[in-house]
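A quick write-up on the structure given underneath.
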Amino acid sequence: MDRFLIDGGRPLEGRVTIGGAKNAALPAMAAALLTDKRVVLHNIPRVRDILTMRSLLDEMGADSALKHEREGNRLVIQARKIPDQTAPYELVKQMRASVLVLGPLVARFGHARVSLPGGCAIGARPINLHLKGLEKLGATVSIEHGYVEARVDRLMAGQIHFDSVTVTGTENIMMAAALADGTTLLENCAIEPEVEDLAALLLKMGADIEGAGTSAIRIRGVGRLHGAEHTVIPDRIEAGTFLVGAAITGGHLVLDRIEPRNLTAVVAKLAEAGVEINVVETASDSTQSHALEVRGRPPYRAADVVTQEYPGFPTDMQAQYMALATQAAGSSVITETIFENRFLHALELARMGADIAVDGRRAVVRGPVRLSGANVQASDLRASASLVLAGLAAEGESLVDRVYHIDRGYERIEEKLTRVGAKIRRISES
Ligand code: EPZ
């Protein structure tokens, strides 16, 4: 149970390099199950969820190697044989994105046994749309002893209209359809950049896909897929978190290796609140030659936000935005439309002096307030980021408990923050 001790009130100053996207790397790793050839992934963040997915692939029989390289980490996966098409409860309960192995296993081996993910702090998060999609492709799906069991001789193409937009649901069925017999049409798909990035990898593996990044995706199944090399996109949520970090501390940061077009809604909302953000060209030879420069000058203007599917304001930035809204003059109304229970951070922010009234999926944040350091507890990945940001802005010391949540999606965040002037220290239980 590591904790962060933060001594707040210091502006963040300097340059931060943004890592690869966790939510692009996870489906890319699952996609490696679709072939017996080598899949080489670059710009992989060394975060706990990636290590969990790697353990899952290794446990099923794949070989993998993770190595640091100049730009992030390189991960090589080869799923020659997968004798055990089971994703066990012990691993799935740590990370619900493990469900992403379901589509590839059924597609390549005609069988998958995947533990049901169970409840989550931010919402019920069922996987009914994933299962419905597989059934539409001809799989027989049953649930026994807490496990999804899916079987089929060979998946047959179909037409699938998702009842509601689901990111990993779109990814799972897109991967399954890549090896199905015939042409599948998916409608009402998620258009997140991570979905598009997965399709880019699948195309390199020999898949035949059109329309990824739009709400209608057409997939012509092929007999087999081959190996490929792919660099995953930058993490737009990590970038958004650091934008708020500069804003809430009144600092000045340049974020390197980002893709500005994936951050449009976040940048627009922060600018509406009065945060100064500019896209700057960098001379780096990296694949990402853009950077974002952000200057913070609290207090800000209150601005309402409604979380939406991409390209709307991401739910994964809602908690961080709530922390910033405590430094805005007036009332900011935050409406969470994606998950039914994603305001757990509000009560912890209130311990630091925030004035937040939560009513179901709507929260009203009144400001500006003077945040003061306190002992707080993280409940999920993005909530923990919000508490760290508030701790950086607060007067005095904060102790943020359960930072194992933040390690799931941020690579050594305390080191990145320290390099730009934060006073933050990890306290390990040991
Ligand atoms: C992905 O989760 C992300 N995770 C989440 O990021 C992100 O919050 C979410 O998309 C929304 O943007 C990964 O990509 C690994 P959904 P996912 O299926 O795919 C309901 C983070 O912080 N639903 O798009 O699980 C569901 O309950 C994480 O990095 C069903 O009802 O989200 C939710 O209310 C947290 N049935 C809504 O749809 C289904 O079968 C959207 O969920 C599937 C989803």
Pairwise side-chain contact, Leu389 with Thr241, heavy-atom cut-off 4.5 Å (strictly under): yes
Test log, rule salt bridge (Lys or Arg N to Asp or Glu O under 4.0 Å), inputs Asp407 and Arg426: CA-CA 11 Å; Asp407 292 336; Arg426 178 184 293 263; 2.8 Å; yes
Side chain Gln327, main chain Ala323, donor-acceptor under 3.5 Å: no
Validation row: Asn375, Arg351 side chains within 4.5 angstrom (heavy atoms): yes
NE2-CD1 distance between His230 and Ile44, expressed to the nearest 0.5 angstrom: 8.5 Å
More than 12 heavy atoms from other groups under 6.0 Å of CZ on Arg218: no
Note, Glu411 side chain near Pro45 side chain (heavy atom, < 4.5 Å): yes
Donor + acceptor pair across side chains of Thr231, Asn43 (<3.5 Å): no
Donor-acceptor contact present, side-chain Asp49 to main-chain Met95, <3.5 Å: no
Minimum heavy-atom distance between Gly19 and Lys416, given as atom pair plus value: N-NZ, 3.8 Å
Criterion salt bridge (Lys or Arg N to Asp or Glu O under 4.0 Å) on Glu336 and Arg342, from CA distance to verdict: CA-CA 7 Å; Glu336 174 55 59; Arg342 203 171 201 179; 5.3 Å; no
Qualifying residue, where the test is side-chain contact (heavy atoms from CB on, under 4.5 Å) with Leu292 and the options are Asn278, Leu253, Val267, Ile18: Val267
Contact check, side chains of Met317 and Val244, non-hydrogen atoms, under 4.5 Å: yes
Short side-chain to backbone donor-acceptor contact, Glu192 and Tyr310, under 3.5 Å: yes
Side-chain (Glu340) to main-chain (Ala124) donor-acceptor, under 3.5 angstrom: yes
Atom NZ of Lys204 with >12 non-hydrogen neighbours under 6.0 angstrom: yes
Test item: Arg366 and Thr326 side chains (from C-beta on) under 4.5 Å apart, heavy atoms: no
Main-chain N/O of Arg96 paired with Arg125 side-chain donor or acceptor, under 3.5 Å: no
For the student: nearest non-hydrogen atoms of Ser386 and Leu349, plus distance: OG-CD1, 3.7 Å
Exam field: side chain Tyr321 to backbone Leu270, donor-acceptor pair closer than 3.5 Å: no
Atom OH of Tyr147: over 12 foreign heavy atoms under 6.0 Å: yes
Gly103 versus Asn172, closest heavy-atom pair with distance: N-OD1, 2.8 Å
Gap between atom OG of Ser98 and atom CG of Leu57 - 0.5 Å precision: 9.0 Å
Any side-chain heavy-atom pair of Gln318 and Ile338 under 4.5 Å: no
Nearest-0.5 Å distance, CD1 of residue Ile191 to OG1 of residue Thr170: 10.5 Å
Polar side-chain atom of Tyr404 near backbone of Asp401 as donor-acceptor pair, under 3.5 Å: no
Closest approach of Ala178 to Leu225 (non-hydrogen atoms, all atoms of both residues): CB-CD1, 4.3 Å
Residues Glu135 and Lys132 bridged, charged N to O under 4.0 Å: no
pair Glu171-Glu194: side-chain heavy atoms closer than 4.5 Å: yes
Side-chain donor/acceptor of Asp380 to backbone N/O of Ala383, under 3.5 Å: yes
Over 12 non-hydrogen atoms of neighbours within 6.0 angstrom of CG in Asn128: yes
Non-hydrogen side-chain atoms of Val106 and Leu137 separated by less than 4.5 Å: no
Under 3.5 Å: donor-acceptor pair, side chain of Arg402, backbone of Met1: no
Minimum heavy-atom distance Asn73-Leu66, with the two atoms named: CB-CD1, 3.9 Å
